[in-house]
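Read the structure below first, then the notes.
Chain A is the first sequence line, chain B the second, and so forth, proteins listed ahead of strands; every chain is numbered from 1.
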Amino acid sequence: MDAFYASVEMRDHPDLKEKAVVVAHDPRKHNGHGVITTANYVARKYGVGSAMPAMRAVEQVPKDQLVFIPPNFEKYRQVSAQVHEIMHEVTDQVESVSLDEAYIDVTQNKLGNYSSIELGNYMQQKIFKTTKLTCSFGVTYNKFLAKMASEYAKPFGKTVILPEEALNFLAKQDIKKFPGVGKKMQETLRSMNINTGEDLQKTSVQTLIDRFKKMGYVLAMHSRGIDLSPVQAERQRKSIGKERTFEPSIFEEQAALTQLRKYSREITEMLKERNLQAGCVVLKVRDTNFYTITRRRMLKKKTQDPRIIYQEARALLEREEDFVTRGIRLLGVSVTDLEQEIYEETNLFSTL
DNA sequence: GCGGATCAC
DNA sequence: TATGGTGATCCGC
């Protein structure tokens with residue numbers, strides 16, 4: 001397989017630039033982190049609390065101080081669709097990871113007898129021409145390496161890794177570059193004196209399994225350049241959820257219930273768009289101390305009915321009265337155990 | 001099956 | 001010191 005990973009630098013788009021924060025007096029520009037991170041950083045620096053509530057309250061923010069502009073997700077989606085269109089010119093084997101990243105299996109392509117690198121160049125150029133966005137890409141023999149290679153090529157380059165080069169390339173990488181290695185795993189690995197890909201390569205597979213179970217195995221394989229996972233063009237969604245942070249927190253049960261009703265409606269809409277039925281309702285609550293729980297309940301029958309989702313969510317919340325007393329900072333509902341809705345019955349009746 | 005933890009974006 | 005929203009996966013029970 002010739003895998004390919006493309007990462008588009010969306011924040012460079014002229015129409016998306018305003019998405020983060022416009023700060024009246026702050027010379028600071030995007031620092032390379034995510035939108036919200038940037039916004040939070042500035043919010044913190046200016047002591048106006050966290051960014052999201054501030055963005056919601058954009059009208060009330062004094063003009064001479066900070067102006068928060070909420071991200072324009074519609075625009076994001078629009079540009080993302082353009083990018084995906086270009087990718088699909090090459091092949092339909094596109095596994096989108098997020099709005100601006102995708103794995104592409106270019107073992108076969110629609111355009112003709114071109115090398116993976118030529119196909120990459122083509123997409124990169126076309127994306128730049130049509131959207132003015134730069135993107136980086138990696139070309140190599142599996143997904144994992146392609147992602148690493150693409151990261152290495154940021155913001156507007158390409159990295160090609162041949163099979164015989166993989167071990168050497170990986171040996172030089174810091175462990176935090178490996179997907180799946182976040183804050184916690186990094187700490188543990190460093191405490192074991194494992195800091196680079198080379199260290200991982202020198203650690204026995206068994207040692208990594210003993211310490212990190214499945215993730216250890218995956219990490220061991222990755223560090224040795226092995227990843228057999230296929231590019232999955234059609235991945236089905238496994239859950240749909242809505243959540244929101246409240247600033248100030250909610251202390252009224254009625255207010256919380258109103259939110260639950262709203263979530264239930266929104267989730268139902270998404271279920272209907274995708275013709276899905278939910279089999280389980282999950283409630284998520286966080287109090288003012290940031291203590292967070294989730295509570296779930298399987299449904300007797302899969303549903304698409306907002307009233308049922310609301311009822312379950314409400315029942316779950318009512319068992320957690322203390323949260324209302326202590327103040328709800330975050331409230332969320334999601335549904336899982338999704339199943340494609342069967343048409344036949346409904347069609348039968350709706351046509352009558 | 002449930003709930004917490006961790007991770008990616 | 002203050003910590004957004006959405007979704008996936010793993011692990012222990």
Side-chain angles (χ1 to χ4, degrees), chain A residues 5-11 19-21 32-57 68 70-71 73 76-77 80 95-103 143-144 147-148 150-151 154 175-189 209 211-219 229 232 235-247 249 263 266-267 270 274 279-300 316 319-320 329-338:
Chain A
Y5 191 88
S7 173
V8 183
E9 295 293 328
M10 278 215 173
R11 69 173 67 85
K19 70 190 185 291
V21 261
H33 296 305
V35 182
I36 304 297
T37 310
T38 309
N40 273 333
Y41 176 88
V42 178
R44 209 155 53 231
K45 184 173 169 188
Y46 282 78
V48 294
S50 60
M52 282 306 278
M55 286 195 281
R56 286 188 198 107
F68 290 83
F73 276 104
Y76 268 114
R77 267 187 274 276
S80 173
E95 174 180 338
S96 84
V97 174
S98 63
L99 283 178
D100 60 359
E101 299 192 21
Y103 291 103
K143 279 170 71 173
F144 153 72
K147 185 163 171 29
M148 295 282 280
S150 167
E151 287 296 314
K154 278 188 175 185
I175 47 165
K176 69 166 176 284
K177 300 267 184 75
F178 286 75
V181 178
K183 194 164 170 284
K184 297 290 178 181
M185 202 169 185
Q186 214 184 126
E187 278 169 22
T188 314
L189 284 167
I209 292 175
R211 194 69 85 113
F212 303 107
K213 311 285 176 189
K214 188 163 180 172
M215 275 309 298
Y217 176 73
V218 172
L219 197 54
S229 65
Q232 289 183 285
R235 278 172 53 194
Q236 70 224 358
R237 189 190 287 260
K238 295 183 174 170
S239 71
I240 292 175
K242 283 277 163 197
E243 67 181 53
R244 189 181 178 311
T245 293
F246 298 91
E247 187 75 45
S249 297
Y263 295 150
E266 289 168 350
I267 289 169
M270 293 174 72
R274 294 157 223 269
C280 181
V281 175
V282 188
L283 177 80
K284 179 173 173 183
V285 201
R286 172 175 294 157
D287 70 16
T288 42
N289 293 323
F290 229 73
Y291 173 66
T292 312
I293 60 162
T294 63
R295 293 289 180 262
R296 74 181 60 202
R297 195 156 154 200
M298 297 278 290
L299 303 177
K300 273 175 269 169
L316 290 168
R319 282 194 245 157
E320 311 295 333
R329 180 188 172 83
L330 175 147
L331 189 62
V333 175
S334 58
V335 293
T336 64
D337 284 64
L338 305 181

Pairs under 3.5 angstrom only: tabulate donor-acceptor contacts from the side chains of residues 285-292 of chain A to other protein residues two or more places apart or in another chain.
unit_1, atom_1, unit_2, atom_2, d
A:R286, NE, A:T292, OG1, 2.8
A:D287, OD1, A:N289, N, 2.7
A:D287, OD1, A:F290, N, 3.1
A:D287, OD1, A:Y291, N, 3.0
A:D287, OD2, A:R326, NE, 2.9
A:D287, OD2, A:R326, NH2, 3.3
A:T288, OG1, A:R326, O, 3.1
A:T292, OG1, A:F290, O, 3.1

query: When you check the phosphate oxygens OP1 and OP2 of C:dG4, does a side-chain N or O of A:R244 lie under 4.0 Å from one of them?
result: no

Rounded interatomic separation in angstrom, taking CD from A:Q232 and C1' from C:dT9: 14 Å

Value in whole Å for how far the C1' atom of C:dC10 lies from OH of A:Y217: 16 Å

query: Please give, in whole Å, the distance from C:dG5 C1' to A:Y263 OH?
result: 10 Å

- request: Please round to the nearest 0.5 Å and tell me the distance separating atom CG of A:L331 and atom CZ of A:R244.
  value: 10.5 Å

Pairs touching residues 176-186 of chain A that satisfy side-chain hydrogen bond (donor to acceptor under 3.5 Å, both in side chains), sequence neighbours left out: A:Q186-A:R190

query: Which heavy atom in A:P179 sits nearest to a heavy atom in A:M148, and how many Å separate them?
result: CD-SD, 3.9 Å

What protein N or O atoms touch nucleotides 11-13 of chain C N or O atoms at under 3.5 angstrom, if any, and at what distances?
unit_1, atom_1, unit_2, atom_2, d
C:dC11, OP1, A:K214, N, 2.8

Residue A:L330, side-chain heavy atoms: nucleotide from C:dG5, B:dC2, C:dT6 that is nearest: C:dG5

Whole-Å gap separating P (C:dT6) and CD1 (A:I240): 12 Å

field: Per-nucleotide protein contact string for nucleotides 3-9 of chain B, where B marks a base within reach and S marks sugar-phosphate only (heavy atoms under 4.0 Å, - for neither)
entry: BS-SSSS

Contacts of type side-chain contact (heavy atoms from CB on, under 4.5 Å), residue A:T336, not counting sequence neighbours: A:S239, A:C280, A:V282

field: Distance, rounded to the nearest Å, where A:E95 contributes CD and C:dG7 contributes P
entry: 17 Å

field: P atoms of B:dA8 and C:dT3, separation to the nearest Å
entry: 23 Å

query: Between atom OG of A:S334 and atom CD1 of A:I240, what is the distance when rounded to the nearest 0.5 Å?
result: 10.0 Å

query: Under the ring pair (Phe, Tyr, Trp, His ring centres under 6.0 Å) test, which residues partner A:Y263, sequence neighbours left out?
result: none

field: Pairwise distance OG(A:S150) to OH(A:Y103) - rounded to 0.5 angstrom
entry: 9.5 Å

message: Just the rounded figure in Å: distance from P of C:dG5 to CZ of A:F246.
response: 8 Å

message: If I take atom CG in residue A:L331 and atom C1' in nucleotide C:dG4, what distance separates them, rounded to the nearest angstrom?
response: 15 Å

message: From the set B:dG1, C:dT3, C:dA8, return the single nucleotide nearest to any side-chain atom of A:R235.
response: C:dA8

query: Counting side-chain heavy atoms from CB outward, which of C:dG7, C:dG5, B:dC2 is closest to A:M270?
result: C:dG7

- prompt: Does the A:E243 side chain pair with the main chain of A:G332, one donor and one acceptor, at a distance under 3.5 Å?
  reply: no

- prompt: When the distance from CG of A:D287 to P of C:dA2 is rounded to whole Å, what number comes out?
  reply: 17 Å

